[in-house]
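Naming: A, B, ... by sequence-line order, numbering from 1 per chain.
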Amino acid sequence: MAFRRRPDVRGVPVSLEPPYRLAPDATAAALASRHRDLGAGEETNETVTVAGRIMLRREMGKLVFATLRDSSGGIQLFAGAKWTADFEAFGRLSLGDWIAATGEVVRTRTGELSVKVREWVQLAEARRSFGDKFRGISDVDTRYRQRYADLWANEESRRALLLRSRIISWTRRWLEDQGFVEVETPIFHPMPGGAAARPFVTHHNALDTDLYLRIAPELYLKRLVVGGFERVFEIARVFRNEGLSPRHNPEFTMLELYQAYADYTDMMDLVERLVAGAAEEFLGTTEVTYGGRELSLGAPWRRATMTELIEEHAGSKVDLNTPAEELRQVAQSAGVRVEPGWGPGKLLLEIFEKTTEASLWGPVHVMDYPKEVSPLARDHRSRPGYVERFESIVAGRELCNAFSELIDPDEQRARFEDQARAKASGDEEAMAMDEDYVRALEYGLPPTGGIGVGVDRLVMLLSDSDAIRDVIAFPTLRPEIFTSDT
RNA sequence: GCGCCUCUAGCUCAACGGCAGAGCAACGGACUCUUAAUCCGCAGGUUCUGGGUUCGAAUCCCAGGGGGCGCACCA
C-alpha cells in the first residue's frame, strides 16, 4: 500500500527539532471537569500546557480551531493571528501531528472549551494519514496489522484494550485480597503438559535440547502447591499450535489458580464471583448483553451434569453405562466422526460437544466429565467413571475449565500411562508421562481445587467483542511481505 | 487443511461488459467563533498479481496472493 509522504510542509519546516522532553500540566478530561461552569465567551487567567495529536482542524482566515486529543479525551485549540506564535505554521499542521500547546483556558463564544494557544511546538509529524477523519480505518487487515493507527482512529479498539488492562489489574487485586500469591512459572517446558493441545517446539542450543512453549502452566502451579504455596495464581500467556479463528489466537492468556483444601464446587463459587464481580465493577451490572443477546451473570449459575444436559438438549439418555455400541450410534447420528480407539468417555464428550454445547447460552457449569478425557482431575466422590471437573459455558462459549485436582501419585501415573498409549496410537494432543510431576505428587499434594479461565474470552464477554483479535493488541497474523510501496 | 465471500485513489466507497468516479485527506486560495466548518480551485489509479474470453474487461473465466467468514481443531 502506498503512503503519502508529506511534501515538506510547503517548504517551511514547522519546527526544526522536537524537544526531548516537556511537561504538559493538564489533560483534556481534567480541563473539561475543572471548567465545566465556564460560560460561553468567558476567559480564564489559567495558563496550561496540553499535548496530544491534532485530530481535526478548522481554518477561519485569521483564526484556526483544532481538535487535540490526548489519552484522556479531546479539547479544542483556539489559535489566532493576533495571539498565536508562528500562526502561519500552526495552520499548516497535519491531522495526526503531535503537538504541545500553551495558553489560557477559555470557552469560545459558541461554547467550546478551548486552550487559547500562545506558544506551541510540533512534537512529531504524521507522515501517514489516519484515514478518513470521520469513518476512520475499517479495513480489518489494516486495523490489526497497523494497530498503532487503528487505536488512534477507532475508539472501540482503544476501549477494548483499556478494558483488558483494567480487568487483569482488577483480577490480580481481587485474588491477592483473598490470599492468592501470584507466581511465574516457566514458558519453556521440557515436555508439553497440562492440557490437550499441539505445542510449538523450539531448540536450546547450549543444552542441545528441544523445548516446548507451554500449553498450560497447570503442572508447575500444582508443584508450587506441593511446595507450600496454598493459594497460587498465574496470569499466563500460553501457546497452542492450532488454527486461527475469530475465537482462537495461537498465543492467549489464561488465568490459572490453585487453592489447597478446596474442591471443584469452590471453584464454581470462585468463577461466579470473579465474573459477576468484574461485570459489576466495569459495567455496573451483572445483566449484560453479548452480541445483542441478554445474559445474566449474577451468581449463582446453573449447575448441571454433562449427562443431564445431553438428555435435555439431544433427548438421548446416555451415560458411561450405556452399551458402547449404542454410544457409537448416538455419536454417529449426531455427526461425530467416530474413531476406533475411543472409549465410552470420549464418545460421551463428543456427543455432548456436538449436540449440546453449542446450544447452551449460559451461564452454566457443565459438571462431571468422563475420567477417560480428564487425566488430571480427581475421581468423582460418588459417580464411578467420572471425575470432579466442570467447564462453564458463558455466552455459548467455554470460559473456564476446573477440577478437584487429582492428588494420588499412583493414579496419576496410571492416567499418564493411558495418555502415553493414546499418544503412541496417534493422538497428537495426548499428554506424555511426566515423571517429575508424579514425583512431586509423591511428596504429597493436599486436596486442591484448580481452575483455568480464558482471560481473552472474559474480556470479549465484558467488552461485547465477537473477535478475540479485538481484545489482543497485536494478534497473530500471517507475516506481511514488505515491498517498496508499503 | 477444505468450502464460500472479498480486494477500485492515502481512507471510506461508487461504477458490475462500453470514457474509472464521489466524499474525506492532501495540495493552491478566500474567510476573526468553527464543531465531520464552509466556499472556490487543483491534483491524485499496475482497479491485488499473472494469464484467458471479447471489437472492448475493474466487471466474465482460470491460476496465484492478501483478508474475512464457515467447517475441522481447540480455550
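- For Gln419(A), the side chain to side chain contact (heavy atoms under 4.5 Å, CB included) partners are Pro375(A), Ala430(A), Met431(A), not counting sequence neighbours.
- Applying the salt bridge (charged side-chain N to carboxylate O under 4.0 Å, His left out) rule to Arg164(A) yields the partners Asp456(A); only residues at least two apart in sequence or on another chain are considered.
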Every protein N/O lying under 3.5 Å from an N/O of nucleotides 36-40 of chain B:
| residue | atom | partner | partner atom | Å |
| --- | --- | --- | --- | --- |
| A36(B) | O3' | Lys133(A) | NZ | 3.4 |
| A37(B) | OP1 | Lys133(A) | NZ | 2.5 |
| A37(B) | OP2 | Arg58(A) | NH1 | 3.0 |
| A37(B) | N7 | Glu59(A) | O | 3.2 |
| A37(B) | N6 | Glu59(A) | O | 2.5 |

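- Applying the salt bridge (charged side-chain N to carboxylate O under 4.0 Å, His left out) test to Glu256(A) and every residue at least two apart in sequence or in another chain returns nothing.
- Between Phe390(A) and Tyr264(A), the ring planes are tilted. Angles from 30° to 60° get that label.
- Between the P atoms of C62(B) and C5(B), the separation comes to 11 Å (whole Å).
- Pairs passing the ring pair (Phe, Tyr, Trp, His ring centres under 6.0 Å) check and including a residue from residues 38-76 of chain A, sequence neighbours excluded, read Phe65(A)-Phe78(A).
- The side chain to side chain contact (heavy atoms under 4.5 Å, CB included) test applied to Asp139(A) returns Asp141(A), Thr142(A), not counting sequence neighbours.
- Checked against salt bridge (charged side-chain N to carboxylate O under 4.0 Å, His left out), Arg240(A) has no partners two or more places apart in sequence or in another chain.
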Item to complete: Kindly express the pairing pattern of RNA chain B in dot-bracket notation, using | wherever a base pairs with another strand and counting only Watson-Crick or G-U pairs under 3.5 Å.
Response: (((((((..((((....[..))))..((((.......))))......(((((..]....))))))))))))....

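- Residues satisfying the salt bridge (charged side-chain N to carboxylate O under 4.0 Å, His left out) test with Asp418(A), not counting sequence neighbours, are Arg421(A).
- The separation between Leu93(A) atom CG and A26(B) atom P is 11 Å, rounded to whole Å.
- With A25(B), A72(B), U34(B) as the choices, the nucleotide that has an atom nearest any side-chain atom of Phe65(A) turns out to be U34(B).
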